[in-house]
Amino acid sequence: MPARDLPAPALATLCHEPFFADGWLYERKLDGMRVLAERRGTSTTLWSRSGRDVTESFPEVAEAITTRAVGEVLLDGEVVAFDGPHTSFARLQPRIHARGAAARARRTPVFYYLFDVLRADGADVRDEPLTARQRLLRATVRTGDPLRLTPHRVHADATYLGEVCARGWEGLVAKRADAPYGRGRTTDWLKFKCEAGQELLVVGWTDPEGSRRGLGALLLGYHETAGSDEVVYAGKVGTGFSERVLRDLRARLEGLARSSSPCTRGRLPTAGAHWVRPELVAQLAFTEWTSGGQLRHPRFLGLRTDKDPAEVVREG
DNA sequence: TTCCGACAGTGGGGTCGCAAT
DNA sequence: ATTGCGACCCCACTATCGGAA
């Protein structure tokens, strides 16, 4: 069922230079799925970020909103699953995709972390400042699992962000305390992400598509141990290049081409791969290693000329 | 004139469901 | 029974253009 009159959720802007200032509130960044909950009459509909009805995926959340919220409301929050102390998108994924009976059969527990309200008592409250909306939110919903309020702190600093990352959190979201609810992407909400980084071997490339020039993605790998002949495939990176860098990389890789993969382990891409001798070292930033041993949300930062390819091993 | 925000386009991993093999 | 593919989630980034500053 298509969403009608559904406001778009406010989206935070990624910020690579964290700052801490008065007038901002800081929340834990949760690694789950963005969900708007719309309570009308005596039922609740859950909406995904793109306006898809996802009530069937999280029926217990919808039921909890129906019984624990009051009036006609539109709430904003993140549905998460836990792996130990950490929110885990991988754990949540089966719940996202499975519908109806299949969803009920796989009862991975989920929680709905509420952090905002767009409509309360039938009225649009998006132009109220954040702090006022937070009060409205607390007055509108009785928490209790699976409903939880997203805690925030008024003061934070770089040390706190460091602690948060050491704890394995995904990062922080900074929100301007006096800002109205954003229409789509907004700089009133900023994401400070905990990122991992490391050097990896370039083991190949894929062809560009559409208007892209040079190459589509770099294929990456690392040595099982330093100096070892064993090369483990580590996935691809397809973003972070300027057009000029794309063309330069392609030219250099042509000169290193070989007919077969240098990788001895890992699940390799099935089609469209060109392989090279593993002599170039790339610097990468990414959020985490997936359970399949590949990079999640990778971006290319540049080539390293000061690093011996033989020494490239997995760090995390 | 310069800068910024919105948009389009291209790229990633993973899961599920379904059609084709 | 297996495989391939699209549709979703989560995203990353660059290039471009028009309007704001």
Side-chain angles (χ1 to χ4, degrees), chain A residues 3 8-16 29-36 46-54 56-58 78-81 83 86-103 105-106 108 110 170-171 173 182-191 193-197 200 204-220 233-250 266-273 282-302:
Chain A
L11 302 176
T13 302
L14 182 58
C15 176
H16 290 298
K29 185 176 187 314
L30 299 162
D31 189 14
M33 177 178 170
R34 187 68 175 280
V35 168
L36 295 181
L46 304 181
W47 303 101
S48 77
R49 207 172 85 172
S50 62
R52 204 170 59 89
D53 183 340
V54 295
E56 284 286 289
S57 293
F58 312 111
E78 185 98 353
V79 170
V80 304
D83 183 5
H86 305 131
T87 55
S88 166
F89 184 69
R91 280 283 180 89
L92 185 65
Q93 258 182 313
R95 287 291 302 264
I96 294 172
H97 294 284
R99 312 254 189 293
R106 296 188 205 85
T108 300
V110 300
E170 206 197 358
V173 180
R183 272 61 169 176
R185 189 77 59 188
T186 174
T187 51
D188 291 331
W189 291 7
L190 298 170
K191 297 183 278 190
K193 297 185 72 169
C194 303
E195 261 188 336
L200 287 169
W205 81 88
T206 61
D207 287 324
E209 292 190 1
S211 58
R212 181 67 96 98
R213 296 290 173 263
L215 54 83
L218 294 178
L219 310 179
L220 304 167
Y233 179 68
K236 297 184 268 193
V237 59
T239 194
F241 322 97
S242 66
E243 292 217 352
R244 178 192 174 132
V245 168
L246 283 170
R247 270 187 266 262
D248 289 352
L249 280 171
R250 174 62 181 262
R267 202 171 63 185
L268 303 179
T270 49
Q283 181 72 37
L284 280 301
F286 58 101
T287 54
E288 63 181 353
W289 289 94
T290 69
S291 61
Q294 307 203 168
L295 304 178
R296 183 171 179 221
H297 304 157
R299 58 194 179 99
F300 176 83
L301 299 178

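The model shown is predicted, which means the values in this text are computed figures rather than measured ones. In what follows, every chain begins at residue 1, and chains take the letters A, B, ... in the order their sequences are listed.
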Partner residues of A/Thr87 under the side chain to side chain contact (heavy atoms under 4.5 Å, CB included) criterion, sequence neighbours left out: A/Arg28, A/Leu30, A/Asp31, A/Val80, A/Phe82

A/Glu195 has an atom CD; how far is it from atom P of C/dC11, in whole Å? 13 Å

Closer than 3.5 angstrom, by distance alone: can the side chain of A/Thr13 be matched with the main-chain N or O of A/Leu190 as a donor-acceptor pair? no

When the rotation axes relating C1' atoms of four end pairs to the next four are compared across the helix from B/dA8-C/dT14 to B/dT21-C/dA1, five pairs an end, they differ to 10° by 30°

Is there side-chain contact between A/Pro208 and A/Arg213, with heavy atoms separated by less than 4.5 Å? no

Return yes when atom CZ of A/Arg267 has more than 12 non-hydrogen atoms of other residues, nucleotides or ligands closer than 6.0 Å, and no otherwise. no

Please tell me if A/Lys193 has a side-chain N or O lying less than 4.0 Å from either OP1 or OP2 of C/dC11. no

A/Arg95 CZ to B/dC16 P: how many Å, rounded? 13 Å

Using whole Å, what does the distance between atom P of nucleotide B/dT10 and atom CZ of A/Arg250 come to? 17 Å

Rounded off to whole Å, could you give me the NE2-to-P distance for the A/His297 and C/dC13 pair? 11 Å

Starting at atom CZ of A/Arg296, determine the distance to atom C1' of B/dT15, rounded to an integer number of angstrom. 13 Å

Mate of C/dC17 across any strand shown (Watson-Crick or G-U wobble, both atom pairs under 3.5 Å) is B/dG5

Do the side chains of A/Arg296 and A/Glu288 get close enough for a salt bridge, i.e. N-O under 4.0 angstrom? yes

Backbone N or O of A/Leu301 within a donor-acceptor pair of the A/Gln283 side chain at under 3.5 Å? no

Would a 4.5 Å heavy-atom cut-off, applied to side chains only, mark A/Leu218 and A/Lys236 as touching? no

With heavy-atom distances below 4.5 Å as the criterion, would you say the side chains of A/Arg299 and A/Leu284 are in contact? no

Could I get a table of every N or O pair under 3.5 Å where one atom is in the protein and the other is in nucleotides 2-9 of chain C?
from: C/dC8; atom 1: O3'; to: A/Arg52; atom 2: NE; distance (Å): 3.0
from: C/dC9; atom 1: OP1; to: A/Ser48; atom 2: OG; distance (Å): 2.5
from: C/dC9; atom 1: OP1; to: A/Ser50; atom 2: OG; distance (Å): 3.4
from: C/dC9; atom 1: OP1; to: A/Arg52; atom 2: NE; distance (Å): 3.0
from: C/dC9; atom 1: OP2; to: A/Ser50; atom 2: OG; distance (Å): 3.1

Are A/Lys29 and A/Glu170 close enough for a salt bridge, meaning some N to O gap below 4.0 Å? yes

Within residues 285-295 of chain A, find the residues that approach DNA chain C with a heavy atom at under 4.0 Å, and present them sorted by residue number. none

Using a 4.5 Å cut-off on heavy atoms from C-beta on, say whether the side chain of A/Met33 contacts that of A/Ser57. no

Base, backbone or nothing for each nucleotide of nucleotides 2-9 of chain B, written B, S, -, heavy atoms under 4.0 angstrom, 5' to 3'? ----S--S

Can you check whether A/Val110's main-chain N or O pairs, donor with acceptor, with A/Arg95's side chain at less than 3.5 Å? no

Minimum heavy-atom distance between A/Leu220 and A/Tyr233, given as atom pair plus value: O-CD1, 3.4 Å

Tell me the interatomic distance from A/Gln283, atom CD, to C/dA12, atom P, rounded to whole angstroms. 18 Å

Distances for protein N or O near nucleotides 15-19 of chain C N or O, under 3.5 Å:
from: C/dA15; atom 1: OP1; to: A/Glu243; atom 2: N; distance (Å): 3.0

Using only atom types and a distance under 3.5 Å, with no angle test, would you say the side chain of A/Arg212 pairs donor to acceptor with the backbone of A/Leu215? yes

A/Arg34 (side chain) donor-acceptor with A/Ala10 (main chain) under 3.5 angstrom: yes

Steps toward side-chain contact (heavy atoms from CB on, under 4.5 Å) verdict (A/Ser50, A/Arg52): CA-CA 6 Å; A/Ser50 62; A/Arg52 204 170 59 89; 4.2 Å; yes

So does A/Lys29 get a side-chain nitrogen or oxygen closer than 4.0 Å to the phosphate oxygens (OP1/OP2) of C/dC11? yes

So, is A/Lys191 near the phosphate of C/dA12, with a side-chain N or O under 4.0 Å from OP1 or OP2? yes

Tell me: CG of A/Leu249 to P of C/dT14, nearest whole Å? 13 Å

Does the side chain of A/Val54 reach to within under 4.5 Å of the side chain of A/Trp47, using non-hydrogen atoms? no

Using side-chain heavy atoms (C-beta onward) and a distance below 4.5 Å, is A/Arg250 in contact with A/Asp207? yes

Just how far, in rounded Å, is C1' of B/dT10 from NZ of A/Lys236? 13 Å

Which nucleotide in C/dC13, B/dG12, B/dC16 has an atom nearest any side-chain atom of A/Pro94: B/dC16

